[in-house]
Amino acid sequence: MISVRELTKVYRQPARDVVALDNINLDIDDGEIHGIIGRSGAGKSTLVRCLTLLDRPTEGKVIVGDQDLTGVTDTELRNARRRIGMVFQHANLLSSRTVADNIAMPLEIVKTHKAERRARAKELIDLVGLSGLEDTYPAQLSGGQRQRVGIARALAADPDVLLCDEPTSALDPATTNEILTLIRSVSSRLNLTVVVITHEMSVVKTLCDSVSLLDDGKILESGKLAEVAGKVNSRLSRALLPLPTHELAAADLVLEVVGKQDAVNVPIASHIAEENPVTVHITAANVETLGDTRFAHYLLAISSAEQINITGIEATLARHGYSERARAKEGVQV
Ligand SMILES: Nc1ncnc2c1ncn2[C@@H]1O[C@H](COP(=O)(O)OP(=O)(O)OP(=O)(O)O)[C@@H](O)[C@H]1O
């Protein structure tokens with residue numbers, strides 16, 4: 001549905017050029033929810049602007065459906081943009097208009113008949129869970145309700161793509177979950193392709209099928225959630241499966257290991273101790289499901305009266321479906 005090819009954006013400054021996006025390649029399938037995560041200054045806002053051609057890329061292509069947005073006329077671009085609904089951090093509603101009129105605004109711009117606008121707004125109000133609030137004004141709504149109106153407005157022109165720029169950054173955790181659940185449900189009901197820009201990994205975990213890590217204008221890692229989480233030593237995997245804060249382990253060897261699916265049910269610490277002359281303590285653990293895949297991430301403190309045979313321990317890990325993520329000596333934080 002969305003293909004980004006060798007997208008580069010350079011801002012020419014008097015003192016120096018700023019390369020905000022550097023050769024970005026991205027493929028997002030129909031109906032997929034893709035998260036783009038990155039810290040401040042990574043290039044997220046620039047990418048949003050370039051995806052909608054609000055900012056012209058310096059180089060590269062943005063293909064939505066079968067249309068290359070970088071190669072169309074202004075009129076074609078205006079039409080193409082209607083197929084992309086936008087949701088922002090703040091819903092930015094017009095305070096003088098009711099919920100129904102805010103939602104219908106994109107239809108007003110394309111001169112849809114009033115009765116049709118009203119009917120479409122009503123349909124969307126029900127879809128986003130605001131039934132009965134059509135004649136309410138934004139000031140009477142909570143932040144979460146306002147964002148629901150923002151989502152309904154983004155859906156008014158029946159887009160194929162929903163582009164969400166930090167959609168929950170201004171909301172509390174409970175409301176965040178409600179809004180993410182809503183985005184997920186409208187995506188599956190309407191077969192919408194969704195791109196979510198965020199700096200919060202919890203948003204990616206709750207909402208996304210796949211994720212890209214944007215850093216310094218480059219996509220460093222990208223893939224389905226379960227795939228990237230399973231890659232040992234990848235930055236996304238570390239962020240997706242974080243260990244809780246832990247004390248430094250007083251041990252001869254500290255191992256960080258990751259297992260998935262059936263391996264999660266394996267008592268790996270016991271197996272290491274049974275199959276090797278060592279004692280094993282689990283110092284920190286995180287077991288969770290990403291996509292449809294269960295993961296176990298453990299920090300193991302291993303001690304022995306003898307010289308530790310790491311090859312033997314690695315063989316035990318491999319036999320039971322675990323990969324070693326990192327190894328540290330006593331007193332080293334991993
Ligand atoms: N109009 C502009 N002119 C010059 N430089 C810009 C412009 N817009 C963005 N930049 C630069 O491009 C880089 C990426 O900025 P961008 O705003 O896309 O990052 P971001 O990931 O969205 O950050 P944040 O999360 O803080 O909004 C930064 O170095 C920024 O200073």
Side-chain angles (χ1 to χ4, degrees), residues 2-28 32-64 69-70 74 77 81 84-93 143 146-147 150-151 154 161-173 175-176 179-180 183 193-223 225 228 234-240 242:
I2 302 175
S3 290
V4 174
R5 289 282 162 270
E6 295 170 6
L7 184 69
T8 294
K9 177 69 190 180
V10 182
Y11 291 109
R12 311 251 176 240
Q13 303 272 283
R16 67 182 185 109
D17 289 347
V18 177
V19 183
L21 296 175
D22 187 358
N23 197 24
I24 301 277
N25 286 291
L26 198 59
D27 286 293
I28 305 171
E32 185 174 349
I33 305 183
H34 187 84
I36 294 174
I37 188 153
R39 57 189 166 197
S40 187
K44 304 185 295 299
S45 307
T46 308
L47 183 56
V48 172
R49 290 197 301 272
C50 284
L51 284 178
T52 49
L53 270 278
L54 289 171
D55 222 346
R56 281 258 157 211
T58 312
E59 275 175 50
K61 291 183 195 303
V62 175
I63 301 157
V64 178
L69 302 189
T70 47
D74 287 351
L77 185 57
R81 278 199 194 117
I84 306 176
M86 295 279 299
V87 177
F88 305 97
Q89 180 176 355
H90 298 284
N92 304 327
L93 306 177
R146 280 200 285 274
Q147 194 54 303
I151 292 169
V161 174
L162 198 59
L163 187 49
C164 306
D165 189 0
E166 302 277 6
T168 55
S169 299
L171 303 174
D172 63 57
T175 313
T176 291
I179 293 297
L180 297 180
I183 295 173
T193 307
V194 181
V195 182
V196 185
I197 306 286
T198 183
H199 64 277
E200 292 169 296
M201 197 43 105
S202 57
V203 169
V204 172
K205 279 185 180 180
T206 313
L207 180 62
C208 298
D209 304 309
S210 57
V211 59
S212 294
L213 171 65
L214 186 65
D215 191 25
D216 202 14
K218 297 186 186 67
I219 290 195
L220 298 187
E221 295 172 14
S222 188
L225 235 56
V228 291
S234 82
R235 275 176 59 181
L236 277 173
S237 176
R238 285 188 170 277
L240 285 165

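One-based numbering, in listed order, for ligands and for the atoms of each. Only this structure's heavy atoms are used, side chains among them; waters, hydrogens and symmetry mates stay out.
Nearest to atom 25 (O) of ligand 1 among the protein's heavy atoms is K44 NZ, 2.8 Å. Considering only non-hydrogen protein atoms, atom 14 (C) of ligand 1 sits nearest to G41 O, 3.5 Å. Of all protein heavy atoms, the one closest to atom 6 (C) of ligand 1 is Y11 CD1, 3.3 Å. Atom 12 (O) of ligand 1 has A20 CB, 3.4 Å as its closest protein atom, hydrogens excluded (heavy atom only).
Pairing each heavy atom of D17 with each of R12, the nearest pair is OD2-NH1, 2.8 Å. Looking at every heavy atom in both residues, I24 comes nearest to G217 through CD1-O, 3.3 Å.
Within ligand 1, the atoms closer than 4.0 Å to a non-hydrogen atom of R49 are 8 (N), numbered from 1 in the order shown. Residue V18 has at least one heavy-atom neighbour below 4.0 Å for each of these atoms of ligand 1: 11 (C), 12 (O), 29 (O). Ligand 1 places these atoms under 4.0 Å from at least one heavy atom of Q13: 3 (N), 4 (C). Of all atoms in ligand 1, listed by their number and element, those nearer than 4.0 Å to a heavy atom of R39 are 21 (O).
Between E200 and T176, the closest side-chain pair of non-hydrogen atoms is not below 4.5 Å. Side-chain atoms of V48 and L163, non-hydrogen and from C-beta on, do get closer than 4.5 Å to each other.
Looking at ligand 1, you'll find an N or O of S45 within less than 3.5 Å of one of its N or O atoms. Residue-to-ligand polar distances place G43 within reach of ligand 1: an N/O pair is separated by less than 3.5 Å. Polar contact check, A42 against ligand 1: a nitrogen or oxygen pair lies under 3.5 Å apart.
Between the side chain of E166 and the backbone N or O of V196 there is no donor-acceptor pair closer than 3.5 Å. The closest donor-acceptor contact from the side chain of T8 to the backbone of E59 lies at 3.5 Å or more, if one exists at all. Side chain of N25 to main chain of E6: a donor-acceptor pair is present (N/O by atom type, distance under 3.5 Å, no hydrogens or angles).
There is a side-chain donor-acceptor pair under 3.5 Å between S212 and H34.
Electrostatic pairing of D216 and R39 does not count as a salt bridge here, judged by no charged N lying under 4.0 Å from a carboxylate O.
Heavy atoms of T46 found under 4.0 angstrom from ligand 1 belong to the backbone as well as the side chain. With a 4.0 Å cut-off on non-hydrogen atoms, K9 does not touch ligand 1 at all.
Here the CG atom belonging to L21 is positioned 9.0 Å from the CZ atom belonging to R49, to the nearest 0.5 angstrom.
When the heavy atoms of C50, S40, G38 are ranked by distance to atom 24 (P) of ligand 1, first place goes to S40.
Note that atom 30 (C) of ligand 1 has no protein non-hydrogen atoms nearby, at separations under 4.0 angstrom.
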